[in-house]
Each structure stands twice: as structure tokens, then as C-alpha cells.
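Only one structure is covered here, and it is reproduced in the block below.
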Amino acid sequence: MSQSWSSELWRLIVDTAIGWIIGLVLGIPLWGIIVGMLVYVFLLGKRLRRFEKWLNQSLHEPDEFGGIVEELAFRIYRIRLRSRKRKKRLTEFLRRWQDSAGALPDAAVVIDRDGDIAWFNQTASTMLGLKPSDQSRPIVNLLRNPRFIHFLKAGDFSHHLEIASPLDISKILSIRISPYGNGQLMMLVTDVTHIQRLMTMRRDFIANVSHELRTPLTVIMGYLETLKEDESCDPDTIKQYLGRIEAPALRMKTLVEDLLLLSRLDTGAPTGIQTSSVINMSALIKTMVTDAEQLSQGQHRIVVDVDEELQLKGIEKEIYSACINLVTNAVRYTPEGGEVIIQWLVYGDGARFCVRDNGPGISADHLPRLTERFYRVDVGRSRSSGGTGLGLAIVKQVLRRHDAELHVDSELGKGTEFCCFFPQARVVFSGQSMSTAG
Ligand code: ADP
């Protein structure tokens, strides 16, 4: 800086000295000094005008202004360069933060100390219906739920609040608020509909299992009490009581077996095509028919239509469980004299296993819920025929694990058809996969 000052002083001295010398020659040395100084001021003004012009331009290296002006220009240039870098860093940081906040699966809303919306992310738009024009508007004008307004006013944010979504009342939102900075609030909103549904399902499942076990258990306990109290019981009566205990005990056993199978299917490793073995479906169906005939006791006509060369890649035990469930259901629900048709045939690029009966049929309103655990159309009929209400849930899980789909076609009074559709990749034809053979 001192160098630029001395250079500036030197300019003043030179201009004044030139004026003085010219003044001496003309015989007016004092006027020469004044004119010399005025020339210096004029030239300084010109340099300052150039400097001002440079200042107003976009950032580039300063021109040669000379003296103190040049020094000032360089200092300003360096400060502007530093602040530009800092601004760039901040902009980049802000952009990254907004990108990451935007990618959050949760809605994030910043509420200022007046309760107005200061900022919100993309998820908040879709989850809460906030629009860009809602910025700076009071949050309570947009989320009008009385419980939310009370929660915000009370200011106790140690717990979260669950409310129905303002856009869809079937959805449940969990709201957490964290105060920060100078009275600002960060509001995070999560869609917990799925978790709530799972919790309800778990509660219902436990209630259903308990209910299903309680009935046979009460019967068994009743007979045990009677046996304990009646000391004069002869062996024949005891045998009779034990015979009556057998059915509920068997019922409990079937239920526990079905529950264990479902749990294994839920948690088991996926049945990848590469790791699956080839199932001889026609042999498996023969076993099913024997089982079905035993269950039917000659009361039904069982017809089989099977493509002998069509085989399936999968887990035999699981496929058997799924198919036999459909076959026994058809026998159990079809009255005496009815017909059950079992088919295993090529269908499109894949194959289908179908069981059709001419039983009572199922009305359309029950169809979407049939594969739910413990869902029954006729509870009494299901229980009396030994059903656990888990059969079709097992079928659904097995098919899911084999990339297959279940279709139900039923008409009241006419009968029902359950079909399992297997994709091409699961099907083997004459010892060759259909995809490679065809
Ligand atoms: P369940 O052990 O009660 O048979 P499922 O899950 O196998 O349980 O079947 C669910 C319900 O679907 C049954 O309770 C029954 O009401 C109905 N259902 C299943 N298969 C048939 C069928 N072939 N004909 C009529 N109703 C059926």
C-alpha cells in the first residue's frame, strides 16, 4: 500500500513540477503550480471514472489505473474473487442439501417463528398437497386438522402425532416436530399407513389364532374335567371320551401345522428357478387323486385331464401343499354327487393347474378376500369339514414363491374354478424347458 501511496504522491509532484516549470518559463510560477495540480486532479478523476466503470462490469482483472486507484482495484478484485468462490461453495452446498432433502421419503417442512411455511421439500407437495404459492402462508391454514393445530399450539414435541392425510383419509401420517435455531420448527411427516395396516393385521392374526385354538381346547378341557371329576368312569366311557377328544386335538394339530407351514413360506429363502428341481406333476397329481378319493369316500366324480409330458420346476412339497388344498377344498365344499375336474395343461407360453367343481360357488364380493388368512365364506361349513381358513393363504404364498398367479372364477349355484398359472420359465416339457425346446 505504501508503494502505491508513494507512486500516487510522485504523480502529484510530477504534474505540479511540470506546471511550475512551464509557469516559470511564462513568468507565472504560482499559476503553473495551480494548473499542474488541476491537471493531476483531472487525470485522477478520469482514472476514477474508469475504475467505477470496471467496478460495474462483471468480474475480471482490473485495468492499469495506476497509483492508489490500481491498488484499490486489485484489493477489491481479490475480495470479490474470494466471495465469488464462497458463494459458489454455498450455492453448491445449498443445491446438494435441497437435492438430498428432496429425495427424502418423508415430507419435510420448515416453519418459521410466526408459524408460516418457510420451506418444504418435494415429498411435502405430494404427501400434504403443498404448492409453491403456499410458502410464507401459515401452516395451520393448510393443515387444518384440529389435533394438529392443538399439537402445534401446545408446543410439546417430545412425542409424535398421528393424523389422517389431508389428501386421502384412508392414509395415516405420523408428524414429528423438532424446534431449532431462532424459534423455527422442522416438521417431518411419514406415511405410516403400511405399518399401521401391518400392526392391525398382526393383532387380527393373533386374535384369530387364539380364537381358533380356544374352541377345540375348551372341548378337550371339558372332557378332561369330566373324566377327572367322574371317579366311577368305566373303561368304555373313558374310551368314548377320549374318542371325542381326538377330533378337536386333530383340529389343533392341523391348525398348528398350517401355521408352521405358512411361517416357513413367509420367511423361507426364495425358490429360484436354477435351484428348483423338476417335479413330475402327473405322478404328483395321481397321489392327490388318491387322497381326494379317500376324502370323498366315493361321493364325488373325480375327473383328471393331465398332460403327461408337462413338468414343473419348483419345490415338490410346496407345490403339493398348494394343489392338494385346492383339490380337497373342491371335494369338501361340493355336495355329494358333485364333480371335481383336475387339469394340468399347457397354457400360452406356460402351464396351468386348475381345479373345477360344480359345488355351491362363491359370490363375487367374497372373491377378493379369499386368500386372506382365516377368511371364510361360511365359517360353520369350513370348520365342520376340518378347514383352518389358512388353505388359500398357503396356496397364494406357494404360488408367489414360484412366480405363479392364482385366478378364481366362480358363480353362485354353478361351481368354482381355481387356476394356478405358471410362467414359461417354470415349465419343462418332455425333459426340456419350454423356452429351450420351443
Ligand atoms: P378353509 O380351511 O376354510 O377351507 P381356505 O383358505 O381353503 O380355508 O378357503 C377359504 C374359504 O373359501 C373357505 O372357507 C370357503 O368358504 C371358500 N372356498 C374355498 N374353496 C371353495 C370351493 N371350491 N367352493 C366353495 N367355496 C370354497
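Every number for a ligand or one of its atoms is a count from 1 in the order of the listing. Since this is a predicted model, take the numbers as computed values, not measurements.
Counting heavy atoms only, Gly389 comes closest to atom 8 (O) of ligand 1 of the residues Ala393, Gly389, Gly387. Within the set Ile362, Asn329, Val327, the minimum heavy-atom distance to atom 27 (C) of ligand 1 is found for Ile362. Between the choices Arg356, Glu372, Arg332, Arg376, the shortest heavy-atom distance to atom 14 (O) of ligand 1 belongs to Arg376. Around atom 5 (P) of ligand 1, the closest heavy atom drawn from Leu392, Val379, Thr388 belongs to Leu392.
For the two cysteine residues Cys419 and Cys354, the thiol sulfurs sit under 2.5 Å apart.
Counting atoms of ligand 1 from 1 in the listed order, those under 4.0 Å from a heavy atom of Thr416 are 24 (N). Using a 4.0 Å cut-off to heavy atoms of Gly391, the atoms of ligand 1 that qualify are 5 (P), 6 (O), 7 (O). Those atoms of ligand 1 that come under 4.0 Å of a heavy atom in Phe418, given as number and element, are 20 (N), 21 (C), 23 (N).
The shortest heavy-atom distance from Asp378 to ligand 1 is under 4.0 Å. Not close to ligand 1: Gly359, with no non-hydrogen atom less than 4.0 angstrom away.
The closest protein non-hydrogen atom to atom 12 (O) of ligand 1 is Leu370 CD2, 3.4 Å. Closest protein heavy atom to atom 23 (N) of ligand 1: Asp357 OD2, 2.9 Å. Residue, atom and distance of the protein heavy atom nearest to atom 13 (C) of ligand 1 are Tyr333 OH, 3.3 Å. Among all protein heavy atoms, the one lying closest to atom 17 (C) of ligand 1 is Val377 CG2, 4.0 Å. The protein heavy atom nearest to atom 3 (O) of ligand 1 is Ser382 OG, 2.5 Å.
Using modelled atom types, no side-chain atom of Ser382 and backbone atom of Asp378 make a donor-acceptor pair closer than 3.5 Å. Proximity of a side-chain donor or acceptor of Ser263 to a complementary backbone N or O of Leu259 within less than 3.5 Å is not detected. Between the side chain of Arg47 and the backbone N or O of Gly66, at least one donor-acceptor pair lies under 3.5 Å.
Look at Glu52 and Arg49 and you find no salt bridge, because none of the NZ, NE, NH1 or NH2 atoms lies under 4.0 Å from a carboxylate O.
The structure places CD1 of Ile139 at 13.5 Å from CG of Asp114, a figure rounded to the nearest 0.5 Å. In this structure, CG in Asn358 is found 12.0 Å from NZ in Lys414, a value given to the nearest 0.5 Å.
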### Message
Checking Tyr347 against Phe422 for the ring pair (Phe, Tyr, Trp, His ring centres under 6.0 Å) test, could you report, in this order, the C-alpha distance in whole Å, the side-chain angles of both residues, the deciding distance, and whether it holds?
### Response
CA-CA 9 Å; Tyr347 184 80; Phe422 293 91; over 10 Å; no

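No side-chain N or O of Arg95 forms a donor-acceptor pair with one of Gln98 less than 3.5 Å apart.
The aromatic rings of Phe353 and Trp344 sit tilted, their planes meeting at an angle between 30° and 60°.
Considering both main-chain and side-chain atoms, Tyr375 never comes within under 3.5 Å of ligand 1 through any nitrogen or oxygen pair.
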